[in-house]
**Student:** 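Okay, handing you the structure first.
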Amino acid sequence: MALSEQAGAAASFERRVLRSAGEHHYLRVRLELPDGGARPNVAQFKQLVVSALKELHGEVGAALPVDVLTYEEKTLSAILRVVSSGLVKLWSALTLLGFYQNRRCAFRVLQTSPFLLALAGNSRELVLD
Amino acid sequence: MRVSLPDRCRRCWENARAKGTERANARQQAAGEARNGRRHRHINAAQSRHCTGSGCATEQQAEVTSGHSSFPASLRLAGRCVSVAVPCLAAGSVTRARSPPRWRMAVPPLQRLGQAPRHLLVCEKGHARHARSRHAAHVRDHAYNCRVSFLIPECGLLPEVLKSTIEDVGEYYLIRNLPVHELVAHDFIDAFVKKGSCYALTYKTKIDQDNTAALLPNGNLILSVDKDTYEELGLQGRPSKYSGKKVMRYIITIDLTGCGFHPDSKKHNRVLWALKEKKPLEFDFLLAWYNTGAEGSTLMSYFSKNQIEALKPKITFSTLRDLQCPLLQSNELHGKPEESCSTEELFEWLGAVLNQVSLDNKSSSFLSTYCCPQPNTVVEKAFLCTITGFIIPEKIIQLLEQLCCYFGEPKLAYWLTLTVHGFADSPVSWRESEHGFHKGGENLYNFVIFRNLDYWLQMAVGTNDDCPP
Amino acid sequence: MAGFSDLNIPQGPDKKSMQGLLETAAHLGYSAVALNHVIDFKEKKQEIIKPVSPSELFPSLPVVQGTSKRIKVLTRLTLVISDPSHCNLLRSTSPNIRLYDIIAVFPKTEKLFHIACTTLDVDLVCINVTEKLPFYFRRPPVNVAIDRGIYFELLYTPAIKDSTMRRYTISNAISLMQICKGKNIVVSSAAERPLELRGPYDVANLGLLFGLSEGEAKAAVSTNCRAAMLHGETRKSACGIVYTLKKPRKVEEEETLPACKKAKTQA
Amino acid sequence: MVRFKNRYVLCEVVSEDPRCRQCIEDRAVGLAVRDAIGRVHGDFGLACCSISFTVKYLNAYTGTVLLRCRKDSYRLLCSALPFVRQLESRNQRYPCFLNTLHVGGTIRTCQKFLIEYNRRQLLMLLQSCTNEEERRCVQKSLLSCSLTEEQCLSGNEDDDDDGTDTD
């Protein structure tokens with residue numbers, strides 16, 4: 001019984017190599033605002049991201065599918081998902097965003113990865129001691 | 001209503017005209033062909049001709065744009081006609097070109113905008129109890145792991161079989177300001193490197209900026225150093241694969257257990273001199289040692305004169321309620337529509353679960369369109385355990401074994417997963433294949449273990465990495 | 001020393017805000033910054049003062065995030081030249097100028113750009129990013145500058161502040177890239193507030209917008225900055241052939257490599 | 001000596017309002033196109049296209065416009081052209097759109113294309129002529145049109161002016 005199962009498994013060994021096949025890229029970002037003042041809620045946050053894209057890359061940029069996967073209003077940090085070909089556009093748009101509601105702000109991109117799973121364990125932020 | 005060019009505007013033409021090139025005939029033909037409606041097929045030919053200097057390809061482009069002047073149509077053509085190029089304006093069409101173009105020598109600047117960093121995902125499937133199964137070898141080859149997490153659906157508490165393994169995940173040591181030459185000393189080699197598996201990795205060093213060192217259990221000491229340090233050290237190494245045309249980083253590999261490295265050998269003395277006097281390198285090190293049976297002195301007592309502290313991995317448990325889980329079939333790596341999910345879908349889903357991403361969105365929702373892959377079921381509870389620290393492969397193999405044993409008794413769950421994250425800044429990923437940071441330095445793998453002990457193994461690496469074994 | 005650097009932190013009178021900027025820079029992962037002292041000859045006669053020693057200004061430098069080292073602070077002098085006579089200052093061996101780690105010029109006309117690229121003993125040539133280019137870049141001076149190991153500096157803070165300046169920044173940067181082919185570019189901030197600073201990886205990604213390739217973009221915030229610093233060091237240390245260490249232990253002599261490629265000995 | 005490669009985009013202004021013709025001038029067309037690029041591709045697109053962007057040739061009578069931009073960025077330009085909605089000059093605003101006829105690497109190819117294009121238009125016109133007077137007029141134009149082509153073919157040896165930036 002066990003033997004036959006093993007034989008079946010042996011026949012079924014399979015390896016697939018997916019080269020740059022990920023459709024999406026993921027970014028972990030944090031919005032920095034001066035102390036005090038209104039904090040955006042999740043809808044406003046997404047609006048801010050889209051407006052940043054629109055400013056730098058126009059309507060074509062604003063049409064990029066960007067998803068806010070998670071957003072924490074307390075820390076203003078979020079995980080964004082974007083199609084791979086739009087990564088550079090989104091990233092540059094976030095970098096060049098300077099104002100939120102006429103107040104200065106800055107997007108800090110903490111991590112980018114083609115794998116969402118990789119965002120769960122960032123060894124650079126790990127404090128082991 | 002149009003009339004011929006009046007004389008006045010002919011003069012304008014002459015004024016405005018650039019250098020005349022006479023390739024009119026071929027061009028006219030090409031334009032004629034394009035007009036016959038077989039546009040797409042001619043594009044390659046036209047483009048190659050275009051390379052010789054005429055404007056055929058663009059002429060066709062013009063034809064089409066004038067044909068349907070609506071934007072999406074021209075966009076679609078633009079996207080297809082140069083799948084290697086233009087993603088820059090084709091926001092809508094790019095999603096179709098699944099794999100971004102591979103990097104070439106001369107990519108026009110604008111097209112770089114549409115390129116995403118290269119990455120690799122290797123999926124394997126096999127059987128955990130098969131004699132020739134290499135799953136344990138893959139774990140062993142991935143020396144430096146910072147985070148291990150496992151997810152068991154239909155389970156609310158830590159299963160009994162895993163309790164002892166979790167408790168015995170092993171401690172590791174952090175030594176501050178340890179000179180590298182102490183790792184090359186023969187006392188150390190004899191006491192630890194040769195008597196078990198000794199793992200060491202520099203802590204808080206960045207592989208793309210600083211010098212980094214790592215000791216592999218096979219006795220190889222790997223130094224990844226920048227150009228300045230390399231020149232000062234005077235040890236033989238090779239240029240890093242990922243440092244570009246102007247080499248700024250070198251890799252030095254020293255085999256500590258090799259026969260040429262006995263205490264009085266020339267090589268040993270040279271290495272010791274280089275690391276002690278020529279360029280004394282000091283790092284904070286993470287250390288772990290695994291030995292089978294034989295008692296010996298411990299790292300703690302050996303390095304007692306250095307600043308050493310023993311650390312325990314941090315373990316967190318959580319129970320997820322009403323989790324949407326994709327349906328999987330162990331023999332269908334690609335998944336089947338309506339029956340099971342593919343391995344990439346699972347990989348993304350798992351990332352979503354570990355990052356606490358909400359899974360129940362609609363394709364029309366404003367914030368996020370991510371949803372759990374189809375088909376899926378809702379499980380009432382799922383158990384998630386995460387261990388962070390400097391975790392050695394031997395313990396992961398033990399854990400993997402115990403997870404297989406979990407299915408020894410009949411369980412509700414059909415599968416469970418074990419995810420292992422590597423250090424982004426380690427100089428190697430699998431075995432001794434060089435690892436770089438680029439933009440994320442990701443190197444991780446994930447096991448899906450099925451009830452019948454079939455497994456899927458997914459290994460993912462980023463841009464500056466070789467293909468996993 | 002291929003860590004990330006930002007070679008342009010404007011030196012202001014306010015010590016506290018400077019401290020804030022340095023802390024943010026360290027937090028973002030920059031391992032070296034240069035405090036920039038700007039002298040514009042258009043405004044009244046300005047004296048070139050001695051560089052303020054960073055150790056005096058900041059008793060405790062912040063630790064670079066993710067490492068255990070402290071941020072390195074250099075001094076930099078930028079001369080805005082709009083008239084050929086201004087160059088004389090650089091030619092004369094003014095003792096104060098020699099004290100700065102990095103010397104940059106900001107040429108306002110084509111002729112001065114040519115002079116800056118070909119003859120002046122400087123490390124950086126600033127490119128105007130806040131207005132339409134007053135002249136076209138020509139290949140010969142740019143090639144000479146690349147051969148001499150002089151770097152071109154692009155700033156990104158104006159692009160954050162204002163939409164029009166953003167256009168000029170990108171368009172001037174692309175014009176420059178067409179001539180210099182992405183070589184010898186340094187991207188730095190000129191940020192006056194912490195919220196105008198951006199992380200090194202973000203800046204490297206911004207380089208892609210400016211027409212750099214990924215490798216060149218990363219070099220623009222790391223290795224090119226290091227090279228510019230070393231180029232500045234050659235001025236102080238007899239063309240970089242002989243370098244005296246502060247510790248009276250030994251004088252290190254190294255082979256006669258080209259000055260700009262010289263490995264730096266750490267004091 | 002490396003030449004910067006340019007692209008020339010030939011398009012015609014199509015408007016229902018005949019008064020629109022008076023709006024067709026360098027500045028108005030340039031502004032309208034820039035505005036469209038700005039909307040569609042944002043600051044970045046505008047910055048890319050603005051390098052060496054000019055309205056090279058313009059014929060208000062036939063409504064033909066020739067635009068120049070860098071080869072790298074012509075796709076940004078072409079994709080923005082359909083979004084030009086109106087021309088504005090002297091406080092007058094007329095809705096219109098731009099129809100791309102041809103994209104060429106040199107002005108010359110665009111010129112050739114335009115002559116050929118106009119000839120075809122004239123032939124169509126000829127077929128729809130009603131009286132003899134008109135017919136003669138159009139035929140004459142047709143002949144002069146082909147003559148123009150001969151002329152420039154013979155005259156291209158001395159035509160050495162390189163309209164692109166070199167150094």
Side-chain angles (χ1 to χ4, degrees), chain A residues 2 5-10 12-26 28 42-43 45-47 57 59-71 79-81 83-89 92 111-124 126 128-129, chain B residues 87 89 91-92 94-95 98-100 112-127 129-130 132 146-147 174 203 286 309 311 331 333 344 347-348 350-352 354-357 366-370 388-390 419 421 423-425 439-440 442 444 446 452 454 460 462 467:
Chain A
E5 216 178 270
Q6 277 182 15
S12 74
F13 177 82
E14 193 184 335
R15 182 179 164 102
R16 284 176 74 195
V17 180
L18 304 162
R19 285 174 207 282
S20 302
E23 283 175 44
H24 296 102
H25 263 70
Y26 305 88
R28 206 141 57 79
V42 59
F45 183 83
K46 165 105 191 222
Q47 197 62 49
H57 294 288
E59 280 163 16
V60 171
L64 271 181
V66 179
D67 293 324
V68 182
L69 294 183
T70 63
Y71 175 69
I79 293 179
L80 304 179
R81 179 174 85 154
V83 284
S84 296
S85 58
L87 172 72
V88 178
K89 282 188 187 181
S92 56
Q111 198 185 359
T112 63
S113 175
F115 312 109
L116 184 52
L117 199 51
L119 298 191
N122 183 2
S123 66
R124 282 205 169 176
L126 217 60
L128 295 178
D129 46 335
Chain B
L89 63 91
V94 198
T95 39
R98 283 178 68 111
S99 58
R112 291 188 191 125
L113 284 193
Q115 290 188 341
R118 193 178 74 91
H119 55 270
L120 274 178
L121 176 64
V122 176
C123 305
E124 283 187 10
K125 114 184 150 166
H127 193 273
R129 294 278 176 265
H130 190 268
R132 289 220 311 265
C146 68
R147 195 173 145 115
L174 175 64
Y203 177 54
L286 291 169
E309 51 184 313
L311 298 166
N331 52 357
L333 218 48
E344 309 94 285
F347 203 62
E348 191 182 23
L350 198 62
L354 291 194
N355 284 303
Q356 289 113 38
V357 173
F366 172 66
L367 291 175
S368 160
T369 54
Y370 178 75
T388 18
F390 186 64
T419 314
H421 290 271
F423 279 89
D425 289 309
K439 282 184 176 165
E442 48 278 291
L444 60 136
N446 175 46
N452 60 358
D454 275 353
C467 187

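What you see is a predicted model, and the numbers here were worked out from it, not measured in a lab. Convention: sequence-line order gives letters A, B, ...; per-chain numbering from 1.
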**Student:** Most heavy-atom pairs under 4.5 angstrom with chain A, which of B:Gly462, B:Gly389, B:Ala460, B:Gly440?
**Tutor:** B:Ala460
**Student:** Specify which of A:Thr112, A:Asn122, A:Leu80 makes the most heavy-atom pairs with chain B at under 4.5 Å.
**Tutor:**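 Top count of heavy-atom pairs under 4.5 Å with chain B: A:Thr112.
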**Student:** When rounded to the nearest 0.5 angstrom, what is the spacing between CG in A:Leu69 and CD in B:Gln356?
**Tutor:** 12.5 Å
**Student:** Determine whether B:Val357 and A:Arg81 make a side-chain contact, defined as any pair of heavy atoms from C-beta on separated by less than 4.5 Å.
**Tutor:** no
**Student:** Enter the distance from B:Cys146:SG to B:Leu286:CG here, rounded to the nearest 0.5 Å.
**Tutor:**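 Rounded to the nearest 0.5 Å, the SG-CG separation comes out at 10.5 Å.
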**Student:** Do A:Ser113 and B:His119 make a side-chain contact, defined as non-hydrogen atoms from C-beta onward lying under 4.5 Å apart?
**Tutor:** no
**Student:** When only pairs under 4.5 Å are counted, which of A:Val68, A:Val42, A:Leu117 shares the most heavy-atom pairs with chain B?
**Tutor:** A:Leu117
**Student:** May I ask you to test the B:Lys125-B:Asn331 pair for a side-chain heavy-atom distance under 4.5 Å?
**Tutor:**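 Yes. Closest side-chain heavy atoms under 4.5 Å.
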**Student:** Does any backbone or side-chain atom of B:Thr419 lie under 4.5 Å from a heavy atom of chain A? Answer side chain, backbone, both or neither.
**Tutor:** side chain
**Student:** Against chain A, label B:Leu444 side chain, backbone, both or neither, depending on which of its atoms sit under 4.5 Å from a heavy atom there.
**Tutor:** side chain
**Student:** Among B:Thr369, B:Leu354, B:Leu350, which residue has the highest count of heavy-atom pairs closer than 4.5 Å to chain A?
**Tutor:** B:Thr369
**Student:** For the candidates A:Arg15, A:Gln47, A:Arg28, A:Arg16, which exhibits the highest count of non-hydrogen atom pairs separated by less than 4.5 Å from chain B?
**Tutor:**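 Winner by heavy-atom pair count: A:Arg16.
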**Student:** Nearest 0.5 Å, what's the CG-CG distance between A:Leu64 and A:Leu87?
**Tutor:** 10.0 Å
**Student:** Given that the side chain runs from C-beta out, which part of A:Tyr71 has a heavy atom under 4.5 Å from chain B: side chain, backbone, both or neither?
**Tutor:**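 A:Tyr71 has no heavy atom closer than 4.5 Å to chain B.
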**Student:** Check each atom of B:Glu348 against the heavy atoms of chain A and say whether the ones under 4.5 Å are side chain, backbone, both or neither.
**Tutor:**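 Interface part for B:Glu348: both.
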**Student:** Please state whether the side chain, the backbone, both or neither of A:Leu119 comes within less than 4.5 Å of a heavy atom of chain B.
**Tutor:**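 Contact with chain B: backbone and side chain both.
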**Student:** Is any side-chain heavy atom of B:Gln115 less than 4.5 Å from a side-chain heavy atom of A:Val88?
**Tutor:** no
